[in-house]
Structure formats: structure tokens, C-alpha cells
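Reminder, nothing fancy here: chain letters follow the sequence lines and each chain counts from 1.
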Amino acid sequence: MSNSFQVVVCASVVPDPLQTLEPVSGPNGPALKNEMMLPAILDPWAAHALYEGANLVKQVAGSSLWLVSMAPKAKLQQVMMTVAQKVPLQLVAVDGPSSGFADAHQTATTLAAAVRTIPGIDLSKLLLFGGWESASRSAGVTLQLVGEELGIVDQFQGVDAITPQTDGSFEVLERIEGARHQVSVCAGPPAVLGWATGSLGEPRNDPQVGMANMRTLMPALQRAMAGTVSSDGLHYANVTTPKQQRQTRIVKDMPTDEVARELVHWITQE
Amino acid sequence: MSTVEQIAIERATIDVDIACVGFGPAMGGFLTTLSRELLNHDGSPAIESGTMPGMPLQVICYERADDIGFGVSGVVTRARGIRASFPGLDPAQIPMAAPVSSEKLVYLLDPIGASRRSRALRVGDRLFRAFRKFLRVRHDALELPFTPGFLHKKDGLVLSIGQFNQWVGAQLMSSGTVQIWPGMPVSEALIEDGKVRGVRLLDQGVDRGGSPDAGFTPGMDIHAALTVVGDGPAGAVSRDIDRRLGMPEGNEVREWAVGMKFVIELRPDVELQPGTVLHTFGFPEPEMFGFLYVHPGNVASVGIFVPSWFDCPIRTAYRYLQHYIQHPYLWRFLEGGKLRSWGAKSLQESGKRGEPFLAGDGYARIGESSSGTNVLTGSGVDEAWTTGALLGEGVIELLQAGKPFTRENLEQAYEQRRRNSWLEKEARIAEKSRDGFQRGVVTGLIGMALAAFSNGRFSLGSPPAKPGERLVSPADFYRGKLTPQEITAVQQECDVRGTSAHGPLMDRCGWPAIQHDGSLLVSHQDVLLMGGKVQAPAGYADHVVFRDIEVCRRCGNKLCVEMCSGQAITRSVAGVPNFDREKCIFCGACMWNCPETVQGQSNLQLRAGAGGLHSAEN
């Protein structure tokens, strides 16, 4: 099918943000305390990209979806137990760091190489999806760099919607300031789309999807390529997690306006 | 709106060979044992699937929680079964694991004077204090000179159950022979003509009452030749099977406890060796046992057990746990510590008397849902693991012989293995060991020792009553401390505020208010966020249901509110408790604490649900 897409979603694996996250300095630079024992999730930004990608593939006949993810293999395996229940996908596993403290350029080079190795990949049909930002460090540059490595010049960031047209082009909504969208029409792939939140909710866990995915997931994990990302030359001056403050008060039947006023007052006290 | 039960629904089905319910230590033991025999050395199937010819055996495990590492248990274990499965086990490979390095049994005196102690205990306490120098009573505690053999965990391990489950699960998944799907609750067993044919997954896209809503997705039917049920002490599938297929004659689950724990990062200057184990009793109430286990990295698990024979109409665990950690004997270690995690779970403590049918046509029961916990040794994880491992051996035997999973075959291959194992021998010794607690704490302690040292030949006391049967009214419980009018006034005030009554009642009985420090001593609401990170995915029905609200209105105790580990059940002016799914941690305590029955069943129904705790450090 001439107008079909090959959607490749680049998604990192991040520690479950509901866990206690504490930066520490290790022999290889900054890290999170007990990082390997923390449960992990697919980066929430990239997860939106995955769901949107799966939806697009369902709409446009002949399209395919791959998920390219770099993380320690054990972590990838853990995350896939949940992700694989969400949408049909083909995994391209890269066994490498996922700490969020790796150099974005080297990470992008590794991911681009992984994309090129996908059997049957046709860069002229490629839509490279990923998160606009990342929950690991929020640098938000890796996807852009992967696109550049692959020679893709049409790049969109903060995407909330893609609408394929009959002529093979597609319309893209990008977030801009003032809570508005910029509407662009792209003549066709290849393109990079860094997703904001899109409009799709998280798909429900589907055992049939999980079963179908599992037939290819374990082999993909077993043949995961090694992702060599060094931290040489990187220097982090300071690492910290966002400051949290908690004050709990139970109120009943309080008007929402009053709740909002109180919250604003509390936030602006800082 | 119609509920799902009232409308005809076409459900999708999947055929697998073995469907497993719940991923905990029991299922870890089963799948570890099974998975090692499913492939040949060249990777070809050693046992072919019956549902997918030419493929390896299709083994799928469904877990309610969002991750396999979100279990709760305060674990010190002799690890006999675990070590048998992993010869040469290096604890350093398991995060937060440490070999037991020292062990003490400590009697805690009441430094506050609010504890409800019997005359015998009060006399004993006075004697301990009078001879404090001779007996070396320090920090209001008496360290016993030895740990009784039945209680000790020599050569054992201190574990985090969350980390242990993650470690086991990672190895299982990397074997490629079994699938584990978290975030996928099972609602019930599929039973036809007394035979279990598989399980039904929970409906998604329904409203709080279970009626189809946006995105309605009926739970899929999973057909399996064998269903392995290891869904823990309060599992919906276990209870469904017990209700529909019955229990062995004379057996009934009557004894429970709720265990609640903190995982605490200790002050840097606290020098407790990893593997340090403290067992305590005597405080905050004499009926409560407690523990402190030290993990590597200066982290400790600290918790208490509130048993069903604690005849208190408020049976709160959280407030008592806060007093427990502030006992001078423990507080010298814990003061200045930081809360890392928190959790609670029910413990099914009926032992042999609560044992269900271990196997039937098409199914087998393992772990705590099979009454595997040993109440004398205070050990459940290793027992659970071993039940699973024994079933794994039996299933392999049947598969290799090409025998079907009938009741007779499973009884021979699994139940008989269990009867011949150390599990059964020790469970027999423990069977009546705690009957003495029906008559009081001192009698209970003597009875435990008697049962242990006579290998179960002698015991004290009488068979346990059900938790609801023992319950006394608040007026009786607080007689001499609070008047009925005072109690009623407190309850009415709490009805209006929509809170539980145990806080103000304990305040009035002399328990000092908790001075919150924002780090370790935090409010019950905050601990849900700081320690438990409780999650409730949308699109699922309420899993706590009050069957007859008139019965709730008349209920004077509202024990479901008082003992709720997450403050998910609250009082209301209407007299009917409210349930907030977003705070429920699935501890299951409401299920066994409800004293009211309707048509032979508890008025409070705990059904299958989704979500729960989100902490992997418990």
C-alpha cells in the first residue's frame, strides 16, 4: 500500500515515579539510589506516542508499528509485561542504560542504529514517534537527534494529533503558547513527531493482545543488541529531584473555587 | 442501568494449558519449579502444549497489582524451601536481602500506661520493673536470654517480599517459558459440574456499581486444563472456589491477623547489622506481636500484627503501629528515620483447621490461600514457596506421564507430596498451638510453648471462635475508662466528620497524640501517599460492597471503618460506611472483620478489584 506508514516509537524506560527517587553520585556519575530495584514504567510521554502510533497503524491499512527501547534487559522485560497488554507491537530491544544520565547524542546514535537494523524498514515511509519530553531528565532532545541521525528534516514537537490524508500527506497539530495549536500539513513521511499527550487514553489491558505480543517479545529480548553509551566527557554540576511539599487537610463540601483559591495561595507562598 | 450479571454478554475466550492466579512466593515456587522442565537443552519444547500443538506448554499467570513487586510482607524466613529451589543461593543477588545475623525475642513493657493489660501481666510488669537491674530491663524492655527453637530463623534470610518477587519474576520471564501479566485481576473461577475449567478476568469499563460504562470490555474467559490458585489470604478466586465447591468437613477459616509495616531508612549513626532480627510482644497491646528486621543499606522493616483474637472493637493497626515504633526500646534506633514505604496485609492464621481442598478436578491451591502459613513458627513465605514447588513437581510428573489434571491425579501428585513434607509435619504441631489465646495472652504464650515442646501433643485453650463472635461492644471494652455516652458522642462526631472513631477513643484512654514529624510519623492519609502510593485505575467497579445497608446502619461497631488499613472505609451520617477505592490497599481486613452476616455470608463483600499499593520495597 503506497500510503502506508512505518511507525517507529522510541521510548525509554523510567523508574516508576511513584517510588522514592533519590539522586546519588556513583562511580559512573549521577544515578538514582537503588535504581535497579525500583520498578520501571514506559516513559509516560513516549507511552502516549505509542498509543497514538498504534491507533494510526490501525487506521491506515498496511502500516506497521515497532517499539524501539533501550534499557537494561531485565528492566525492559519487566516493563513489557505491562506494555505488551496495551497495543500490538514489535519490540526492538537495546540492552543499555536507561538512567536518564546518559549522553543524549550517544543515546540517539544508538537508537538510530537500532532503527536502521529493523528488518524491512523503509525510511521513506518512516514516522518516528517519541515523547516530546522525558520523565527521566526532561532534556527532550534525544528524539530530535535520532531524527537528525536518520536524515529526517520534517520534525514536529509537542504534537497532539496527526490526521492522515488520502494523498499520503498528514496534518499535524503542535502545541504552541497560549494553549493553542499550530496546524501543519506534511507532504508525507519521513517525519519526526515528538508527542505531547495526544488525545487517547491509556488502552485497557487486553489479554489477547498480550498473548499475541508475547510470541515475538521474548525472542526480541533474547536477541537484544548491546547499546554502548559511555558517559565520558559528561559532567553534571548538580542533580536534584523536584522539591516536594505535602500538607494534608481533609475538607468536605468545600466549593471548588475556594479549593482553587487556597491551592493558588499555598503554591504562591513559596 | 443493568449490572453485568443482568445482561447477556458475549465474552472472548483464550485457551491455555495452565492458568495461574496471583503472583506471590507460592506462585514463584510453582513457576520456578515448572519452568525448569518445560524446554529441552536445545530450546525445543520438552512438554508440548495441549491447546497449541507444536508449541511449548502455555502457562499464564494473572496478577491483580500493577507490578509483580508490589506485595507486602514483613519477611524473615528460614528459607528452607527457597534454598532448596536455589542451591547455593547468594542473598546479595536479591536486593534488600540479608542472611540473619542475630535474633532476639523481646518483651516490651508499657511505658505509657495506656495498654490494656490483664492482672497477670500487670503483676509481671511490676516484678520486671522491681528487679530491673537483676533482670537487665532496659529501655522498658526485657530481652529474653534465648529465642525458642520453634521461633528462631537461624540460617534464614531477611527479605523484602516485593524485591524477592521481582527477582523471581525476572528469572521466570527471562526463561521465556511462562508469562506473567500484572494489572490483570481475575474475578472468579469458571466452574462446571464441580470442575474448574479456568478463570474469568475482571470486567473493565464499568461504573462503581459494575454497570457497563464507557469503553466496556467484558472480562475474558481463560480456559485451562489446570488452574493454579495462589491469590493469597483474601483472594477472590480462592473464596469463590470455597463458596461454590465447599470446604473439607469440619474445616473453616476462623483466625486472622492484619500485619502492617513501615520500611524505614535509619539514621546514619544507627549501627544495626543487616540481618538483625527482633521479635517483640507485649506492646502496644499485649495481644500484638511485632518485629524489626534490618536490610542492607541501613534500612529496616518494622511492623505489628493485630490478631482476630484481640477483642477490641477498634482493632486499628496504623495508630498502634505509630505507638509501637515509639517504644523506647525501638525508638532509640528509629528516631530520626525516614519513611521509605508502608503496607499492610491480612494473614490467614487458621493453619490445618482452615485448610481447603488442596486440589480438585482442574485446579490446585497453593500458598496462603491453601492455609499454608505456620502460626506457631510465625512463618508463611517459605511455606508458601514450598507449597508451590511441591505442586510444580507434581504437575511435571503428571504432564510427563500424560495424565489429566483430575482430582485423583492431583491428590496423588500434589497433595500426597505435601502430606509427606516438612510442611505437614510442622503444620500438625502448630494446629492447636494458639488455642490458648482464646483465654488470654499469658495462657496463649504458655500454650504455644507447650505445643512446640510436645510436638503438638499437648495444647491449652479451646478452638477459636470467629472474629465476629468474639467481638465485644465498645461500651464493654471501654468499661471503666469511658462511659457509653462518651463513646456514642465520639461516634456521632465521627459520623459527621466522616472519619473513624479509634483516634479520639484512644486519645481519651490515655494514648498520647502522635506528634507528626513529616518524615516518619505522618498522618494516615499521608502514609498512603508517602509510603504506599496507592493507585486505583479507572473503569473498575468498587470491590468492597455492603450487601444490606440496613444491616450496616444497625451495626454499632463499624469495625470495617476502624480497622481499615487505608482509611478507605469511612463513617457517614447516614450510618452506612462509604468506600473510596482510591485508598484501598487490598489488605483484606474488612472482609474478616465484618461481624454481620446476611444469608450465611458476610455483609461486607470483598470482590476482585484492580490497583492497590505501588511500592516495591515492602
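- In this structure, no portion of Val522(B) lies under 4.5 Å from any heavy atom of chain A.
- Within a 6.0 Å sphere centred on CD of Gln59(A), other residues, nucleotides and ligands contribute more than 12 heavy atoms.
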| said: Using side chain to side chain contact (heavy atoms under 4.5 Å, CB included), reason through Leu221(A) and Met173(B) one step at a time and then give a plain yes or no. | reply: CA-CA 10 Å; Leu221(A) 282 163; Met173(B) 291 296 288; over 6 Å; no
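- Taking the side chain as every heavy atom from C-beta outward, Tyr62(B) and Asn205(A) never approach each other to under 4.5 Å.
- Taking the side chain as every heavy atom from C-beta outward, Glu63(B) and Met81(A) never approach each other to under 4.5 Å.
- Contact of the Gln78(A) side chain with the Asp67(B) side chain is registered, since non-hydrogen atoms from C-beta on lie closer than 4.5 Å.
- The shortest distance between side-chain heavy atoms of Gln85(A) and Pro182(B) falls below 4.5 Å.
- Contacts of Lys33(A) with chain B are made by side-chain atoms alone, with heavy-atom separations under 4.5 Å and no backbone atom involved.
- Listed in order of number, the residues of residues 206-214 of chain A that approach chain B to under 4.5 Å between heavy atoms are Asp206(A), Pro207(A), Gln208(A), Gly210(A), Met211(A), Met214(A).
- The greatest number of non-hydrogen atom pairs below 4.5 Å with chain A, out of Gly518(B), Ala538(B), Gly169(B), Ser174(B), is found for Ser174(B).
- The candidate with the highest count of non-hydrogen atom pairs below 4.5 Å against chain A, out of Gly297(B), Gly69(B), Gly215(B), is Gly215(B).
- Taking CD of Gln179(B) as the reference point, atom CZ of Arg215(A) lies at 8.5 Å (rounded to 0.5 Å).
- For chain A, the option among Ile68(B), Thr217(B), Ile14(B) with the highest count of heavy-atom pairs below 4.5 Å is Ile14(B).
- When Gly205(B), Ser160(B), Gly162(B) are compared by the number of non-hydrogen pairs under 4.5 Å with chain A, Gly205(B) comes out ahead.
- Interatomic distance, Glu617(B) CD to Leu38(A) CG, rounded to the nearest 0.5 Å: 7.0 Å.
- The heavy-atom pair separating Asp66(B) from Thr82(A) by the smallest distance is O-OG1, 3.9 Å.
- For Glu10(B), there are no salt bridge (charged side-chain N to carboxylate O under 4.0 Å, His left out) partners, not counting sequence neighbours.
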